Amino acid sequence: QKEVEQNSGPLSVPEGAIASLNCTYSDRGSQSFFWYRQYSGKSPELIMFIYSNGDKEDGRFTAQLNKASQYVSLLIRDSQPSDSATYLCAVSEDSSYKLIFGSGTRLLVRP
Amino acid sequence: SAVISQKPSRDICQRGTSLTIQCQVDSQVTMMFWYRQQPGQSLTLIATANQGSEATYESGFVIDKFPISRPNLTFSTLTVSNMSPEDSSIYLCSVEGLEDAGDTEAFFGQGTRLTVV
């Protein structure tokens, strides 16, 4: 069974710090990797996606992918209290477009 | 990104009844999916809504319980049939294949929060 694992947290960081969120996946055939942010009572919103090994940066967010280790991470620089949310890691095989989600990591940014 | 509208946004239903949830997209999309998010849990894929053919269900989900329609490339419905309290969840419509966003991005509707009493 294909699985996506995340530490449930909460991960607590002070405002302005770097938050590091990690995710591992079991299916070596996974090709696309996504990070979603979900505020309580809201639907998930896409933050970033990454397909290739290495780093991908978008503003304060950096996604890192290591397919050999089956590991994907999300770094949030200069964390803000508004970043406090649950972050969901999801993986997909390109041919199917279906997403398998991790259980999510709850992030708390302390003012 | 396309605008995805889901109705109803929330409902409280009696045990044994059925509820149909609608998902409308403001542009044609290749693929539409239905997910469930049970309280305190992550998202689980229920099925892929196929235009013009029967939906493709994931393990643990069956058509009799979750019938799905996809009459065209912008609209789909999910029915939760013969509901029990265990069906209390958030149900989310997701679309991919948006022409202006690339093939492998998935966006979600605002969800339908269902409570079965």
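Here the structure is a predicted model, which means the values were calculated and not measured.
- Neither the backbone nor the side chain of A/Gln6 comes within contact range of chain B; no heavy atoms are under 4.5 Å apart.
- With contacts defined as side-chain heavy-atom distances shorter than 4.5 Å, the pair B/Gln110/A/Lys42 does not qualify.
- Neither B/Trp34 nor B/Leu92 shares a network with the other; the hydrophobic side chains, linked directly or stepwise wherever heavy atoms of I, L, V, M, F, W or Y lie under 4.5 Å apart, form separate groups for each.
- By the rule that hydrophobic residues join a cluster once side-chain heavy atoms approach within less than 4.5 Å of another member, B/Ile68 and B/Phe61 end up as members of one cluster.
- Follow the hydrophobic side-chain contacts under 4.5 Å out from B/Phe107 and you never reach B/Tyr91; the two are in separate clusters.
- From A/Leu88, atom CG reaches atom CD of B/Gln37 across 7.0 Å, with rounding to the nearest 0.5 Å.
- Connection of A/Val72 to A/Met48 is established within a shared hydrophobic cluster, with ILVMFWY side chains joined at heavy-atom distances below 4.5 Å, either directly or through further cluster members.
- Grouping the Ile, Leu, Val, Met, Phe, Trp and Tyr side chains by contacts below 4.5 angstrom, directly or via other members, places A/Tyr51 with B/Met31.
- In terms of non-hydrogen atom pairs under 4.5 Å with chain B, the most contact-rich of A/Ser8, A/Gly104, A/Pro44 is A/Pro44.
- Between B/Arg113 and A/Gly41, the shortest heavy-atom distance links the atoms NH2-CA, 3.3 Å.
- Using a 4.5 Å cut-off between heavy atoms, B/Glu58 touches chain A through its side chain atoms alone.
- Interface with chain A: from residues 39-46 of chain B, residues B/Ser42, B/Leu43, B/Leu45 qualify, criterion being any non-hydrogen pair under 4.5 Å.
- Here the shortest heavy-atom pairing between A/Lys98 and B/Tyr35 reads C-OH, 4.3 Å.
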